[in-house]
Amino acid sequence: MIVPITMPRWGLTMTEGTVVEWHVQPGASVGAGQMLLDIETTKITNTLEAAEAGVLRRHVAEVGQTLPCGALIAVMAPPETPDAEIDAYVGSFVITEVADAGGAAEVEPKTAAVGDLTLNYLRAGAGAAVVFIHGFGGDLSGWALVQTPLASAFDTIALDLPGHGKSSKRVPHADVAGLAGELAAFLDAIGVQRAHLVGHSLGGAVALAFALAHPQRAASLSLLAPAGLGREINAGYIRNFIRAERRKDVEANLRQLFCNPDLVNRALAEDVIRYKRLDGVRQSLEALEGAFLSGEQQATVLRERLAEVQAPVLVIWGREDRIVPPAQGQGLPANVQVEWLERSGHMPQVEAADKVVALLKRHFAKAA
Amino acid sequence: MIVPITMPRWGLTMTEGTVVEWHVQPGASVGAGQMLLDIETTKITNTLEAAEAGVLRRHVAEVGQTLPCGALIAVMAPPETPDAEIDAYVGSFVITEVADAGGAAEVEPKTAAVGDLTLNYLRAGAGAAVVFIHGFGGDLSGWALVQTPLASAFDTIALDLPGHGKSSKRVPHADVAGLAGELAAFLDAIGVQRAHLVGHSLGGAVALAFALAHPQRAASLSLLAPAGLGREINAGYIRNFIRAERRKDVEANLRQLFCNPDLVNRALAEDVIRYKRLDGVRQSLEALEGAFLSGEQQATVLRERLAEVQAPVLVIWGREDRIVPPAQGQGLPANVQVEWLERSGHMPQVEAADKVVALLKRHFAKAA
Amino acid sequence: MAKKSIRAAVNDALKLEMRRDPTVILIGEDVAGGAGGSGVQDAWGGVLGVTKGLYKEFGPGRVIDTPITESAIIGVAAGAAVSGLRPVAELMFVDFMGVCFDQIFNQAAKFRYMFGGKARTPMVIRSMMGAGFRAAAQHSQSLHALFTHIPGLKVVMPSNAYDAKGLLIQAIRDDDPVIFLEHKAIYDLEDEVPDEAYTIPFGEANILREGDDVTIVAISRMVHVAMDAAKRLAAAGIQATVIDPRTTSPLDEDSILESVEETGHLVVVDEANPRCSFATDVAALVADRAFGALKGPIKLVTAPHSPVPFAPNLEDAYIPNAAKVEAAVRATLAARELATA
Amino acid sequence: MAKKSIRAAVNDALKLEMRRDPTVILIGEDVAGGAGGSGVQDAWGGVLGVTKGLYKEFGPGRVIDTPITESAIIGVAAGAAVSGLRPVAELMFVDFMGVCFDQIFNQAAKFRYMFGGKARTPMVIRSMMGAGFRAAAQHSQSLHALFTHIPGLKVVMPSNAYDAKGLLIQAIRDDDPVIFLEHKAIYDLEDEVPDEAYTIPFGEANILREGDDVTIVAISRMVHVAMDAAKRLAAAGIQATVIDPRTTSPLDEDSILESVEETGHLVVVDEANPRCSFATDVAALVADRAFGALKGPIKLVTAPHSPVPFAPNLEDAYIPNAAKVEAAVRATLAARELATA
């Protein structure tokens, strides 16, 4: 079987990339996770790793070539596949991922003053508002694969919560209710009254708390692997996230997020490490930890109040989630639609981005 | 067979030694040349090496014990030799080498002013005078094993030639005739008119030249592996002696002196190295080399004049001499008595000291 | 996040820390320059403009421009440090430390120990190091081995702008004397550098790439030489791990040992002279504690045992380059091939 | 030939060379002492009496007693050397070189190179080194690694009186700057020392004993520690070769490599701090060039990475001793036994 290697999209603002260097030559066997090539974007040079094992048969893009996201850059195929077949495949390849995302190419993050905090957010597209709320230790870039396609039909807004991403590295109100209050103030500051709320993990609990506190402002509620629906949680992941310092330890911890642990590459781990080194991050994360955990369990459980939510509620859960137990997605009230994703862990917006996009579109349509 | 290890005599002035440390424990196999123990004398601490391979069965002397030269300090014997047999051997051992050597215990070297040179010499015993003249690069200590026993019946005198030992490190007259002249001046200075002359190698040529120049002063002439009886010589030995600096190179060079190369121990090599480091030695040796060698051959051959010598002449030559070819001892005039030593190299006074002593005594008696 | 040069990253770190902590002061020759004034006060801002603009913001009380007197600079800094300030002293060229080495290694480095832990000496000595600038034997040296040898000193050698900023902020906040060596030939190298303050802990290596065949340890400018070599080698199917320890004291021994446990081969690249050097230090570490994993000789790629030449062609030949590193890698790998053959 | 102490051997070497060569002069603090005069001129003759009596024989023109100003001493010596004299400067304690390191490594060490071989700098810097004297952190250091790192310096560290005399005469006659380090704790060790002048070439190791099982390399006072350990080991049937390189720069690499080729095991004993040290230097040499012969890890026995303690019990624990060397030998030999088992 022929497997295409295409120019990746590393975030909303990426439209094209330049091949800097090939690490693997045609004919070589590669393992899953092995470095294939370095690609330079306007922002950063990064390494594309092999998603699966196989034999690299062809470089389609040479060093120095700049290609749009989704373009074919290499071909993997078993040794027995004839060259002619690969020629034909390369000749007939069509970019299926459309690079345009509601003028996303020009989109740059902005900041909003919220109280004495500065919150960073990325807003793209036009239409009904969709707000993305990341989880503990994440940031708005985690939504890239979901926000980008949705921006063609919605006014998408992904924010960095206090203490995260490029927002102020202080968390004055670290509990779920406090964060929901910051979210409300943020939406006030950017002039969004009502939105589809999409929250992940801790961000799911925040979205839920927001919807309970401000029922009229939630057009719909989409909770991905959400916190707040049970006591159990992988507290070790949170503690290690805060305290692991060496990259191998950080990588090992991050691998728990995914069904396919090979998705944790050095760039992701390095991003986490660099984030954690910033002044104030340690204290912010510890504040969140202190408010969020009670011993080895979640301090705030809103499960009993889920039925109160008036907007349509969608819960998406990967069956392989090792952070928040998927069992907490069972037995939810009737107003909640639950979708299970196979071969997905705690990060369905990354591991199953296409499916999540489809589910969200359908959900928003239902809510409209 | 039981082999005794006895307290060695490392020179004329040594009468006893103290065991400092055993390097080999009873029951251990030792190779020829292996370090057996360290012995301290009044002058120096040195290591006694095994003369031959075997099994060390018994320490007779313990660490800290002081014993006279010749005393039993250990026993070597095959593993099958019963302990009782070793007990009996130890119990019945008698010192065969007499430590007394004409009051040698009190003997210290003296110096004589000869022109503007200071010559060092060791004089012991009483009787007819016997003068020992060492070879190129040697010194008076090389005669220790021969001078010591002869000192009980003769007035023995061993000198350091100019540029050697503890004499002045200048050689104003570096040819054979010049050295013979220095020898005559030295004997004048210490008041010896007539003596039995014993010369080794270059010292043999010097003794012969002296006897030819001063027939009345030579009671007899004994030449050990003498120079001056032919052109051929191992010039490489002389050049290496001067120029080798690392101990392993010095050792390799010195091994040519002996039939049994294991006689070259680290102490001997170290002594040679230390001598060569003294100011003036290099220049002295090079002066001697320049006068003594003509290309790769001896510059001075006195063979044709041997018949002129009126005193009795004894030539002693080791059959395994690799410095001066033993063939030069063949076909000598009738007034010369030639004695051949088996399993002896260029240093019979060391390798076959007992035989040399016996030959010298008989020769001196004949001359008397 | 913008790209910044190492020069700008160092300036950024100084500025942020001086804003954050009023006890942080600068002391050095010409550090007040670049203020936009006229005459002597407007020299460069350090020889290469690193402290440019700080005098304007923080004034003469906190940016102390001194005469040419390195021993006074370091003496003042050490005294200020034990009196409660956090001085950052600039020693123009590390070659000049010879006149103030007593203040560094006999005084500052030993205060904490000699006063039974009761004295803190939070000072940073920034200095330029390295060859390649046509500055001859007395302005081109790489003397980190001397500082690394001395207990009580921490030694930092950033290879890129991101590290330079994070390590310098860490250095300023550290309570011990820190020697911070900036390679003068890579000041213009740019990198993504956050605008915010951040710290990189000492003793934590940066692993730039991972490969199974050989471990290359390199510091400061040599990291780039090692990466160039790694790219050449990759083209020939040899995959190198490249480790930048970032700080030579403390040293991230674990990262080096763990890598050699996997690759079995070590090459160390160090611009300094070879004897008693950081290169030998890493080699000795591995020859003891990862001996069982070694499959070939440990190769060191260093300057020769000679001063830095003035002649440009000789200076170029003096500095380790990618070709030499590649040859060293092939030499140690050859040992394995011999063993298998 | 009489037994002489190291102190007497050094004095002897100075005396003989001053008699032989009128260009040889002494410069240092208190070097004029011990002349038998009264008052300030009759101090010890160096802190430990090494130069005693020389002032009386050679007078103030050749035995120049200076104020406490190490930088002037070394500056004067370097200038005298390039002007045709052969100065022997005394730097009381090597710990003090921090105030005159510029003169040593940036000036004297580089003259010959920077003047294209046309300048000679025949100077000797004698200094006391080492712990064991209850003299605390600033008077007990072993800083030979710093000098060994610098090209242009020769570094001599005698372990016995015979070597001390021959090496010092060689140093005085050498045309390059020589750092001559006398360990203050072994000045009274006696040895057979010829009365005449003699020289021991630099870069030629002394092999004190030969054994097949392990190579121990040690310098200065540590040679005696190594020999003690070798004796203990011999009692247990482990035969060690003990090598004293005598000079760390130049280093007799061949003797070390040849020995390890035979024994397969290396232990280095060095009183200095461990990082970027002479110990690591020897380890790196062997891990590269005798790698194929190695049968176990290279073990280093050094001081810890800390200043020299003042407390006597801590100072004793700080200095490498025979038990630690023995343990290191057993540790590397254990690797072989494991491999064979």
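Within every chain, numbering begins at 1; the chains are lettered A, B, ... in the order of the sequence lines, protein sequences first and strands thereafter. As a basis for the values below, the full set of heavy atoms in this structure was taken, side chains included, without hydrogen atoms, waters or symmetry mates. Fair warning: this is a prediction, and the values are worked out from it, not measured in the lab.
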To the nearest 0.5 angstrom, please state how far the [atom1] atom of [X] sits from the [atom2] atom of [Y].
{"X": "C:Asp95", "Y": "D:Phe105", "atom1": "CG", "atom2": "CZ", "result": "6.5 Å"}
{"X": "D:Phe101", "Y": "C:Met97", "atom1": "CZ", "atom2": "CE", "result": "5.0 Å"}
{"X": "C:Arg275", "Y": "D:Asp281", "atom1": "CZ", "atom2": "CG", "result": "4.0 Å"}
{"X": "C:Gln138", "Y": "D:Asp102", "atom1": "CD", "atom2": "CG", "result": "7.5 Å"}
{"X": "C:Ser306", "Y": "D:Lys110", "atom1": "OG", "atom2": "NZ", "result": "9.5 Å"}
{"X": "D:Ser249", "Y": "C:His305", "atom1": "OG", "atom2": "NE2", "result": "4.0 Å"}

Residue-level interface, residues 284-294 of chain C with chain D, non-hydrogen cut-off under 4.5 Å: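 C:Ala284, C:Ala287, C:Asp288, C:Phe291, C:Leu294 fall under the 4.5 Å cut-off.
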Residue C:Leu314 excluded, over 12 heavy atoms near CG under 6.0 Å: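 Counting neighbours around CG of C:Leu314, more than 12 heavy atoms of other residues, nucleotides or ligands fall under 6.0 Å, so yes.
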Over 12 non-hydrogen atoms of neighbours within 6.0 angstrom of OH in D:Tyr113: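 Yes, because the 6.0 Å sphere around OH of D:Tyr113 holds more than 12 heavy atoms from other groups.
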Partners meeting ring-ring contact (aromatic ring centres under 6.0 Å, His included) with C:Phe96 (sequence neighbours left out):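 Only C:Phe93, C:His139 meet the ring-ring contact (aromatic ring centres under 6.0 Å, His included) criterion with C:Phe96.
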D:Phe278: ring-ring contact (aromatic ring centres under 6.0 Å, His included) partners, not counting sequence neighbours: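 ring-ring contact (aromatic ring centres under 6.0 Å, His included) list for D:Phe278, sorted by chain: empty.
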side-chain contact (heavy atoms from CB on, under 4.5 Å) evaluation trace for D:Val282 with C:Thr280: CA-CA 8 Å; D:Val282 175; C:Thr280 69; over 6 Å; no
Choice from D:Pro309, D:Ala283, D:Ala331, D:Ala136 maximising heavy atom contacts with chain C below 4.5 Å: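 Of the candidates given, the most pairs with chain C belong to D:Pro309.
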Pick from D:Leu300, D:Leu251, D:Thr148, D:Ile150 with the largest number of heavy-atom pairs that fall under 4.5 Å of chain C: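 The residue among D:Leu300, D:Leu251, D:Thr148, D:Ile150 with the greatest pair count is D:Thr148.
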For D:Gln141 against C:Asn106, the heavy-atom pair lying closest together: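 Answer, listing the atom of D:Gln141 first, then C:Asn106: NE2-OD1, 2.9 Å.
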Closest non-hydrogen atom pair, C:His149 against D:Cys276: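 So the minimum-distance heavy-atom pair works out to ND1-O, 3.8 Å.
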Residue C:Val308 versus chain D: region with a heavy atom under 4.5 Å: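 Only the backbone of C:Val308 comes within 4.5 Å of chain D.
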Those residues that, when tested against D:Glu261, pass side-chain hydrogen bond (donor to acceptor under 3.5 Å, both in side chains) (two or more places apart):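 D:Glu261 satisfies side-chain hydrogen bond (donor to acceptor under 3.5 Å, both in side chains) with no residue once adjacent residues are dropped.
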Residue among C:Ala109, C:Pro304, C:Ala279, C:Gly296 with most heavy-atom pairs under 4.5 Å to chain D: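 Highest number of pairs under 4.5 Å: C:Gly296.
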Pick one of side chain, backbone, both or neither for [X], based on which atoms fall under 4.5 Å of a heavy atom in chain C.
{"X": "D:Ser71", "result": "neither"}
{"X": "D:Ser142", "result": "backbone"}
{"X": "D:Pro274", "result": "backbone"}

